[in-house]
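Let me begin by presenting the structure, written as structure tokens, before commenting on it.
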Amino acid sequence: MTLALALGQSSAPLVGVWHDRAVSDARLPATEAVESHVRGFFEGHSVEVVACDLGPERREAVPDLRVLVVSPGPRSDSWAYVTAGCWAVREKDGHGLEFVMTAHVHDQRFIDLMAMIAYYHCGGHRLDLEHCMPLGEPWVPGSACDHLLISLPYLHGPDLEHCPLPRGHARILWTLPVTAAEIGFRRQHGHEALEQLLDDAEIIPTDPFRASVV
């Protein structure tokens with residue numbers, strides 16, 4: 001399933017205005033708390049807040065979705081894209097997830113991709129640590145990476161991962177682009193073995209044109 005098909009979109013960007021609607025007491029404060037946490041962690045970076053509208057048939061899956069676009073700065077020379085709004089839909093007993101992706105450039109494609117991940121997670125395919133997700137197409141045109149591996153945010157550490165919220169706690173997990181061959185290796189040898197292989201190869205995770213380590 002391609003990015004455009006998964007979102008029910010053409011190539012038009014998923015940037016919209018907020019719709020006037022009632023939200024639960026927990027939803028918007030939680031989303032704002034995630035944003036505050038990300039801004040605090042990335043102090044000194046520019047943070048753009050993009051409201052994502054998934055369309056009339058998908059909007060309610062993640063009704064208050066935002067993607068936080070973090071520019072390079074003191075903590076990292078890469079761009080970071082972070083979801084805010086998944087926890088409010090999928091939390092259980094106060095605990096839930098948000099997702100971060102790192103990339104080499106600022107591009108609308110990565111905002112759309114984070115919206116796709118949010119919809120995949122909240123719309124019936126609950127993601128978690130050590131899961132994987134097919135993209136159905138290259139991460140960027142010409143890339144061998146066409147899957148995402150859900151891992152700990154090693155590039156940023158536990159201070160970004162652990163996000164306190166007014167009514168619980170969110171973990172911000174890393175969506176790392178990997179190849180189909182690497183996913184095949186993971187099926188045979190396990191998640192930790194693949195992570196070790198990627199670490200040993202000293203991959204640059206933001207390089208969309210890196211060679212597969214398998």
Side-chain angles (χ1 to χ4, degrees), residues 3 6-7 9 12-19 23 26-54 58-59 61-91 95-123 127 129 133 139-140 148 150-177 205-206:
L3 174 58
L7 293 171
Q9 295 278 335
L14 290 168
V15 181
V17 296
W18 291 108
H19 294 264
V23 295
R27 272 183 182 171
L28 203 52
T31 300
E32 291 173 345
V34 172
E35 179 183 335
S36 177
H37 174 76
V38 170
R39 287 184 182 278
F41 178 82
F42 286 107
E43 185 177 1
H45 296 243
S46 172
V47 180
E48 176 189 6
V49 181
V50 180
C52 294
D53 188 337
L54 301 181
R58 294 170 172 81
R59 184 177 300 134
V62 207
D64 302 302
L65 177 64
R66 305 173 186 179
V67 175
L68 312 176
V69 182
V70 184
S71 72
R75 280 194 176 271
S76 173
D77 60 1
S78 300
W79 289 82
Y81 299 81
V82 188
T83 64
C86 294
W87 180 94
V89 176
R90 277 295 205 175
E91 63 90 9
H95 300 285
L97 301 179
E98 299 289 352
F99 303 94
V100 59
M101 176 176 286
T102 53
H104 58 304
V105 294
H106 181 290
D107 195 291
Q108 179 65 39
R109 176 172 181 80
F110 300 122
I111 297 172
D112 291 351
L113 186 52
M114 297 312 290
M116 173 185 173
I117 293 165
Y119 177 70
Y120 188 91
H121 174 66
C122 296
L127 294 169
L129 185 64
M133 172 183 166
W139 181 36
V140 302
L148 297 175
I150 311 301
S151 298
L152 296 176
Y154 295 114
L155 295 181
H156 303 302
D159 286 346
L160 178 65
E161 176 191 352
H162 298 293
C163 174
L165 300 176
R167 298 189 180 183
H169 170 267
R171 294 183 77 186
I172 301 177
L173 298 181
W174 188 21
T175 56
L176 171 65
T206 56

### Task
Can you measure from CD1 (Ile150) to CD1 (Ile117) and round to the nearest 0.5 angstrom?
6.5 Å
### Closest approach of Cys163 to Ile172 (non-hydrogen atoms, all atoms of both residues)
CB-CD1, 4.3 Å
### Query
With no hydrogens and no angle check, is any side-chain donor or acceptor of His37 less than 3.5 Å from a backbone partner on Glu161?
no
### Query
Is there a donor-acceptor pair under 3.5 Å between the side chain of Arg58 and the backbone N or O of Tyr119?
no
### Query
Got a second to check how far Met116's CE is from Arg109's CZ, nearest 0.5 Å?
9.0 Å
### Message
Rounded at 0.5 Å granularity, tell me how far OH in Tyr81 sits from OG1 in Thr175.
### Response
11.5 Å
### Query
Hey, are the side chains of Met101 and Leu148 touching, using non-hydrogen atoms and a 4.5 Å cut-off?
yes
### Task
Let me see the working for Leu173 and Leu152 under side chain to side chain contact (heavy atoms under 4.5 Å, CB included), right down to the final yes or no.
CA-CA 5 Å; Leu173 298 181; Leu152 296 176; 4.3 Å; yes
### Message
Can you give me the closest heavy-atom contact between Leu165 and Ala33, atom names plus distance?
### Response
CD2-CB, 3.6 Å
#### Entry: Any donor-acceptor pair under 3.5 Å from Trp87 side chain to Thr31 backbone
no
### Summary
Nearest heavy-atom contact between Ala103 and Ser78 is O-CB, 3.6 Å
### Query
Between the main-chain N or O of Phe41 and the side-chain N or O of Arg75, is there a donor-acceptor pair closer than 3.5 Å?
yes
## Note on the structure
For Leu155 and Pro205, the nearest pair of non-hydrogen atoms, with its separation, is CD1-CG, 4.0 Å
### Side-chain (His169) to main-chain (His95) donor-acceptor, under 3.5 angstrom
no
### Task
Classify the angle between the aromatic ring planes of Trp139 and Phe110 as parallel (below 30°), tilted (30 to 60°) or perpendicular (above 60°).
tilted
#### Entry: Minimum heavy-atom distance between Val100 and Ala80, given as atom pair plus value
CG2-CB, 4.3 Å
### Message
Does any part of the side chain of His156, heavy atoms only, come nearer than 4.5 Å to the side chain of Trp174, both counted from C-beta?
### Response
no
### Task
Output yes when a side-chain donor or acceptor of Thr206 lies under 3.5 Å from a complementary backbone atom of Thr102, and no otherwise.
no
### Query
Considering only heavy atoms from C-beta outward, does the side chain of Glu91 approach that of Arg167 to under 4.5 Å?
no
### Query
Side chains of Glu32 and Arg66: closer than 4.5 Å at any heavy-atom pair?
yes
### Side-chain touch Arg90/Leu127, heavy atoms, less than 4.5 angstrom
no
### Query
Can you tell me how far the NE2 atom of His45 sits from the CG atom of Leu68, to the nearest 0.5 Å?
13.5 Å
### Message
Are Ile111 and Cys52 packed together at the side-chain level, in the sense that at least one heavy-atom pair is separated by less than 4.5 angstrom?
### Response
yes
#### Entry: Rounded distance (nearest 0.5 Å) linking atom CZ of Phe99 with atom CZ of Arg171
11.0 Å
## Note on the structure
Residues Pro74 and Gly44: closest non-hydrogen pair is CD-O, 3.6 Å
#### Entry: Side-chain heavy-atom pair Val89, Pro63 within 4.5 angstrom cut-off
yes
